[in-house]
Amino acid sequence: MSRRHLIGVISEADGEVYGKYADELMRFATGVVGPDDAADAVSTAVVRTFTSPSWRSVTNHRAYLYRAVLNECRQLERSRRRRVGREERDARARVVTDFYDPEVRPDVRAAVDALDVRARAVFVLTYWADLPPEEIASLLGVSSRTVRRDLDAGHRRLKRSLHD
Amino acid sequence: MTEIETDIRKAVIERVDRAPMAPSLESIDVLDRASLPVAHRQPRRGLLVGAGMVALLALVAGVLVTVRLSQDDSQVSVGTTLAPQGKPATPLAGRSLPARYGLPNGVAGYHFFTMELDRPVGLAADDVTYLPTGPLGPMYAQNFRIDYDPSAFGLPDVDGIAVLTVLPEERESVTAAATGAGPTRTATVEGHDVTVTDQWSSTDNRAVSWVQDGAAIIVTGSPSVTEEQLLAAAAEVKPIPSIPRLPPVAADAKGSGVLPASYSLTPRRTDDPKYLSIDGTPWDELTSWDDALAPAMGKLLASGRDGSDHYTLRIISDPMTGEFPLGAPAGVKSEEPIPFGPVWISVFVGRSSPLLPNRYDVTGSTPVEMATVEVTLDDGTTLVTPTYDAGLGWPGRSYTLFVADGRKVVHVNGRSSDGTLLYTRDLDRGDGSHPDGTGGLSLDDFSVCGQEEPQPQFPTLDC
């Protein structure tokens with residue numbers, strides 16, 4: 001007979017792994033999709049990771065979790081893009097503006113918001129975590145050339161956005 | 001660090017600093033995996049990964065709308081005359097291209113892939129003969145140069161050349177999509193006055209285009225392809241009277257020379273290539289790989305015959321990110337552990353889409369021994385589809401088929417090439433019968449008939 005895989009069996013070892021990386025994963029997810037969706041991204045990624053058949057043979061837990069979180073961020077972003085209309089997005093932006101750092105240029109903030117998910121992830125790891133492209137590439141499972149291209153393309157888009 | 005980089009750093013740190021507390025392990029532990037959003041159909045995306053996709057997405061960003069609209073190999077219809085009720089209008093409906101053009105002999109020194117464009121398993125003719133084409137008609141990219149490196153998983157790291165045949169009035173927008181509308185100049189190739197368009201940025205393509213016999217031919221190459229190489233390729237372009245149907249991808253796809261491939265191109269406004277064409281066509285929806293129409297826009301992986309119905313299997317890209325996550329984690333490198341176990345079968349029942357309201361997808365992965373997957377519906381009919389090797393040496397195979405709405409998947413069988421039953425299972429609604437329209441369901445199974453379980457908590461199937 002068929003069955004579903006119910007969670008509720010996170011092992012102690014997996015719990016330790018989660019405890020070790022939870023904070024940085026949350027910050028990473030927040031940088032990519034924002035504070036409202038970060039917890040969902042991390043929770044879902046962790047559930048999927050810990051129930052994945054390949055998880056037991058993973059050696060680089062940190063990289064695996066980062067990729068899983070990025071993957072969930074993509075899905076969330078895609079869903080949000082469909083779900084949220086322009087007006088709603090604008091309204092949301094207005095609401096959170098009150099909490100923004102006044103030292104941050106609004107146009108730069110908006111330009112970073114407009115980056116696609118992977119580019120934003122690359123930007124977060126570059127400017128928040130101070131990681132070089134090679135290390136970002138290793139963490140996200142892409143080539144360093146991809147990272148450099150994302151950075152380059154992101155910078156171009158930012159410059160163009162700021163000049164528009 | 002430049003001033004702008006300092007500003008970027010501030011903006012990024014501001015974002016990160018707004019992180020809430022991490023969810024507790026206890027709150028995560030009570031989550032029910034089956035209740036997770038349907039968008040997370042990871043193994044489906046796992047099967048979407050292909051070396052050719054890796055190669056050819058480097059060509060251009062976005063999605064190419066391609067479909068062979070006629071069973072006559074020499075005819076290339078642009079779209080049906082009238083859109084079905086509730087579907088977008090087709091500005092180029094009823095138009096036809098006079099011919100396809102390509103590089104039938106390839107280019108010395110490079111692998112070539114011939115793309116066959118046909119409908120996927122389970123899609124009726126009407127589902128595919130109608131495609132809202134917007135300002136761009138279907139484009140036919142027949143030949144690709146693929147420097148195949150299965151270890152190179154980074155998408156943009158493989159270069160290529162593609163030949164597109166489009167309507168003359170589409171030439172400008174297609175070229176803009178490929179090149180970013182870079183600077184142009186003229187040249188002569190084999191007696192044709194051609195336009196050479198440079199890439200607008202380092203990540204765009206270069207293109208050579210001209211009009212011939214009522215069709216616009218666009219030869220485009222990824223950034224590393226030099227103008228000289230591109231002009232040499234353009235000189236070799238010839239009409240292709242028919243595109244051969246390909247055999248299913250061999251188990252040794254790398255050695256067969258037939259590679260899963262994808263080509264992508266997003267229609268852009270010619271006056272500003274930053275923006276997609278705005279003409280009322282819901283491109284974002286249509287080209288979203290997650291939607292049911294996307295398979296019709298996906299690329300050939302294998303082909304075969306289901307009774308009298310010819311079919312192809314396609315791999316589908318994610319046009320928004322250009323990424324193809326493999327299994328649960330995104331972008332797992334091929335040398336890393338992958339979520340296809342040697343005795344792992346998964347069945348993922350997709351969801352209905354308003355864009356293709358009469359089909360939903362059933363996808364999954366299987367052990368390598370499984371040659372076919374047979375799905376039984378609640379009306380007793382069956383759909384049989386071959387599994388295929390995605391070509392990266394994974395210890396597993398994949399499958400995809402489409403099921404008519406209103407039908408429920410009640411049983412799944414998996415068989416070896418000699419017909420031996422390897423897997424059989426009844427599905428109930430909790431596993432993934434017909435989705436409710438808002439979400440699909442899935443199950444993973446580590447059981448195979450008669451084999452010991454790698455995971456002791458899962459019993460061996462009694463077949």
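In what follows, chains are A, B, ... by sequence order, proteins preceding strands, each numbered from 1. Every heavy atom of this structure was used, including side-chain atoms; hydrogens, water molecules and symmetry mates were not.
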Query raised in the report: Checking A/Y18 against chain B: side chain, backbone, both or neither under 4.5 Å from a heavy atom?
Result: side chain
**Report entry** Contact origin within A/R27 toward chain B - heavy atom pairs under 4.5 Å
**Finding:** both
Requested in this report: Before accepting this row, confirm whether a basic side-chain N of the pair B/R9/A/D130 lies closer than 4.0 Å to the acidic partner's carboxylate O.
Outcome: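 Salt bridge: yes.
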Spacing of [X] atom [atom1] and [Y] atom [atom2] [to the nearest 0.5 Å]:
X	Y	atom1	atom2	value
A/T126	B/I8	OG1	CD1	10.0 Å
A/R105	B/T6	CZ	OG1	11.0 Å
B/R15	A/R109	CZ	CZ	10.0 Å

Query raised in the report: Between A/T30 and B/V16, is any pair of side-chain heavy atoms under 4.5 Å apart?
Result: no
Requested in this report: Flag the pair A/Y127 / B/E5 as yes when at least one side-chain heavy-atom distance between them is below 4.5 Å, and no otherwise.
Outcome: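 With C-beta onward as the side chain, the pair touches.
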Query - Exercise: identify the closest heavy-atom pair between B/P23 and A/A39 - result: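 Closest approach of B/P23 to A/A39, heavy atoms only: CG-O, 4.1 Å.
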